[in-house]
Enquirer: 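Okay, handing you the structure first.
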Protein chains: 2
Amino acid sequence: MTLDAIPLEETHEETPKLGRKRDHTRDPDILDAALDVLAETGYDGMTMEMVAARAKAGKATLYRRWPSKGELVIDAVACMKRGDFDRDHLPDTGTLRGDLVAMIKPHAIEDGARKMRIMAGLMSMISRNPELAEVARAAIVEPRASANRILLQRAIDRGEISAHSDIDNLALLSQSMAIYRVLVLQKPVNRDFFIQLIDGVVLPAVGLGRPLPPVDGSNSAPDT
Amino acid sequence: MTLDAIPLEETHEETPKLGRKRDHTRDPDILDAALDVLAETGYDGMTMEMVAARAKAGKATLYRRWPSKGELVIDAVACMKRGDFDRDHLPDTGTLRGDLVAMIKPHAIEDGARKMRIMAGLMSMISRNPELAEVARAAIVEPRASANRILLQRAIDRGEISAHSDIDNLALLSQSMAIYRVLVLQKPVNRDFFIQLIDGVVLPAVGLGRPLPPVDGSNSAPDT
DNA sequence: TCTATGCGAAACTGAGTAGTTCCGGATCTT
DNA sequence: AAGATCCGGAACTACTCAGTTTCGCATAGA
C-alpha cells in the first residue's frame with residue numbers, strides 16, 4: 001500500500017441502477033444494539049465488535065454507515081425512540097395527583113430505567129462532548145420533564161395549586177431523585193418509590209399533601 | 001482490598017532498620033492527583049501516567065503502593081477528605097431555613113462541585129463494581145445526606161415542622177437535584193440555586209415557606 | 001440466468017495503555 | 001563517610017481496540 005492515488009472508480013454514484021439499492025435496513029437494529037451495549041458497559045467499555053455482534057452485523061457495516069464510534073453513539077441516542085408521553089397523550093384526570101400517578105406505568109418505569117443506565121454510561125462523555133450532551137438531554141430527560149411541567153401548569157391554571165409554585169424544579173424532581181437513587185444509591189426505582197415522592201414531597205411542596213401540623217386532630221395517624 | 005474504613009495508621013511490618021524508612025509520604029499527593037485526573041477525564045480516560053505526572057512521581061512508585069489502577073482509585077475515593085460537616089459542627093440557628101442556608105458556604109459549593117465531577121467520572125464503573133460503589137457512597141454522598149437528615153430531625157423535634165415529613169427523601173433532594181443539574185443539565189450549581197431549592201421546594205414541602213406572591217428576591221421568609 | 005451491489009466474517013494495522021523492570025541518584029541512619 | 005533503601009524516569013512487554021481492507025456470498029433487478 002505505498003501508493004494512495006489512483007482512485008479507479010469514480011463516475012458519480014448517485015444512481016442505484018443495478019443490484020440491491022442502498023437501503024440501510026439494518027440501521028435500527030444496529031442503533032438499538034448500540035444502546036443496549038451502552039447501557040451495559042458504558043461508553044468506554046463499549047466496543048464496535050460488541051455492537052456488531054449483538055446486531056449480527058459486520059464491523060465493516062458499522063463503518064460504512066457511521067464514520068466513528070462517537071458518531072454512532074450520538075446517532076443512537078438521537079434516534080432513540082421517544083417513548084411515553086407526547087403533549088397530546090398526557091393524562092388528564094382532573095387532579096394533579098391523579099395526573100402524576102397516571103404517569104407511573106410499568107412500561108414507563110422500565111423504559112426510564114434503561115434510559116438511566118444509558119445516561120450513566122454516557123456520563124463521563126457528556127461532560128466533555130457538548131453535542132452528545134445536547135442530544136442526550138433532548139432524547140432522555142427533556143420529554144419527561146416537559147410533561148411534568150405541563151401537568152403542573154394545568155394544575156395552576158385550574159386553580160388547584162398556587163401560581164407561585166416552583167414548577168421548574170418540581171418538574172425535574174422525580175427524575176433527579178430517580179437517577180440518583182438508581183445510579184448512586186443503587187436501590188430499585190419502582191412504583192412505590194414514585195408514589196412516595198409524589199405524596200411525600202411534590203404534593204406537600206405545592207400545598208396539597210399530607211404533612212399536616214400535628215395540632216390537627218382529624219388526621220389521626222397513630223403517632224410515631 | 002480491605003474496604004475497612006480509614007487506614008490511617010498502618011500496621012505494616014516494623015523494619016525501619018536502615019536507610020530511609022518506608023514513609024509513604026507521597027501517598028496523599030498521589031491520591032489527590034488521582035482524584036483530580038478522575039474529575040477531569042473520568043475513570044476510563046484516566047491513565048496511570050497522568051496521575052504520576054501530576055503528582056510528579058514515577059509510574060513505578062504508584063505500582064509499588066497500589067497493585068492496580070482500580071485499587072488506586074478505590075483508595076483515592078475512600079481516603080478523600082471528608083469535607084465540610086461533621087455531626088458536631090452542624091449549624092444550629094434555631095430555624096430550619098437558617099440551618100439549611102447556613103450549609104451553603106462557598107467552600108462547600110466548590111467542594112461539592114468537585115465531588116460531583118468525580119462522581120460523574122466514576123458513574124459507569126460504579127454500576128459494575130460494588131466495592132467502588134460503597135466507597136463512593138460513604139465518601140461523597142452520605143456525609144451531606146446525613147447532615148440534612150439531622151437538621152430536619154431537629155426541626156421536627158422542636159416542633160417546627162410536621163413529624164410526618166418525608167425526611168429521607170428531603171435529605172437527598174438538594175444533592176440529587178444538584179448532581180442532575182451539573183451533570184445532565186450542565187448548568188451552574190451556585191448559591192442561588194440552593195436557595196431557590198430551599199425556598200421553592202424543601203420548605204414548602206415541609207409546611208413552612210409558602211410560595212409568596214411578590215417575587216422579590218431578598219427572601220421568601222417562612223411565616224411571620 | 002446474469003450481474004451489480006451490499007453484506008458478514010475475518011484478518012490486519014496502528015495507536016495507546018496497564019503493568020514491569022532496571023538504573024542512577026537522593027536521603028536517611030549509623 | 002558508608003551503607004541501605006526508596007524514588008523518579010525511561011524503556012519495555014503484552015494486550016486491547018478503533019478503524020481498514022479483503023473476500024466470498026446473498027440478493028435484487030435486468
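Below, read A as the first sequence line, B as the second, and so on, with proteins coming before strands; counting in each chain starts at 1.
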Enquirer: I need the CD1-P distance between B:I30 and D:dC6, as an integer number of Å.
Expert: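 Nearest whole value for this atom pair: 15 Å.
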Enquirer: Checking A:L31 now: which residues fulfil side chain to side chain contact (heavy atoms under 4.5 Å, CB included) with it, not counting sequence neighbours?
Expert: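 Applying side chain to side chain contact (heavy atoms under 4.5 Å, CB included) to A:L31 gives A:W66, A:L72, A:D75, A:A76, A:C79.
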Enquirer: Just distance, no hydrogens or angles: give the donor-acceptor pairs under 3.5 Å from side chains in residues 135-142 of chain B, sequence neighbours left out.
Expert:
{"from": "B:R137", "atom 1": "NH1", "to": "A:V184", "atom 2": "O", "distance (Å)": "3.0"}
{"from": "B:R137", "atom 1": "NH1", "to": "A:L185", "atom 2": "O", "distance (Å)": "3.1"}
{"from": "B:R137", "atom 1": "NH2", "to": "B:E134", "atom 2": "OE1", "distance (Å)": "3.0"}
{"from": "B:E142", "atom 1": "OE2", "to": "B:R149", "atom 2": "NH2", "distance (Å)": "2.6"}

Enquirer: Quick check: does any side chain N or O of B:T41 sit under 3.5 Å from a backbone N or O of B:L38, one acting as donor and the other as acceptor?
Expert: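 Not a single qualifying donor-acceptor pair exists.
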Enquirer: Please give, in whole Å, the distance from C:dC7 P to A:R26 CZ?
Expert: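 That distance rounds to 9 Å.
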Enquirer: Only pairs at least two apart or in different chains count here, so list each salt bridge (charged side-chain N to carboxylate O under 4.0 Å, His left out) that has a residue in residues 27-43 of chain A.
Expert: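 The answer is A:R26-A:D29, A:D27-A:R65, A:D32-A:R114, A:D36-A:R54, A:D36-A:R114, A:E40-A:R54.
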Enquirer: Kindly calculate the angle separating the two end axes of the helix from C:dT1-D:dA30 to C:dT30-D:dA1, each obtained from five base pairs, and round it to 10 degrees.
Expert: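 The end axes of the helix from C:dT1-D:dA30 to C:dT30-D:dA1 are about 20° apart, to the nearest 10°.
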Enquirer: For B:E110, check side chain to side chain contact (heavy atoms under 4.5 Å, CB included) against everything at least two apart and list the hits.
Expert: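 If we apply the side chain to side chain contact (heavy atoms under 4.5 Å, CB included) test to B:E110, skipping adjacent residues, there are no hits.
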Enquirer: Side chain to side chain contact (heavy atoms under 4.5 Å, CB included) with A:T47: which residues, sequence neighbours excluded?
Expert: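 Result, side chain to side chain contact (heavy atoms under 4.5 Å, CB included) vs A:T47: A:E49, A:M50.
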Enquirer: List the protein contact pattern of nucleotides 13-24 of chain C with one symbol per nucleotide (5' to 3'): B for base contact, S for sugar-phosphate-only contact, - for none; contact means a heavy-atom distance under 4.0 Å.
Expert: ----SSBBBB--
Enquirer: Which pairs pass salt bridge (charged side-chain N to carboxylate O under 4.0 Å, His left out) with one or both residues in residues 184-194 of chain B, sequence neighbours excluded?
Expert: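 Qualifying pairs, neighbours excluded: none.
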Enquirer: Once you round it to whole Å, what is the distance between P of C:dT5 and CZ of A:R65?
Expert: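 Going from CZ in A:R65 over to P in C:dT5 covers 20 Å.
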Enquirer: How close or far is atom C1' of D:dC7 from atom CG of B:D29, stated in whole angstroms?
Expert: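 Atom-to-atom, B:D29 to D:dC7, this comes out as 13 Å.
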Enquirer: Taking side chain to side chain contact (heavy atoms under 4.5 Å, CB included) as the definition, give me every residue that meets it alongside A:M177, ordered by chain and number, with sequence neighbours left out.
Expert: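 So A:M177 forms a side chain to side chain contact (heavy atoms under 4.5 Å, CB included) with A:L173, A:F193, A:L197, B:N169, B:L172, B:L173, B:S176.
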Enquirer: On the nucleotide D:dC7, are OP1 or OP2 found under 4.0 Å from the side-chain N or O atoms that B:T61 carries?
Expert: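 Negative; the distance criterion is not met.
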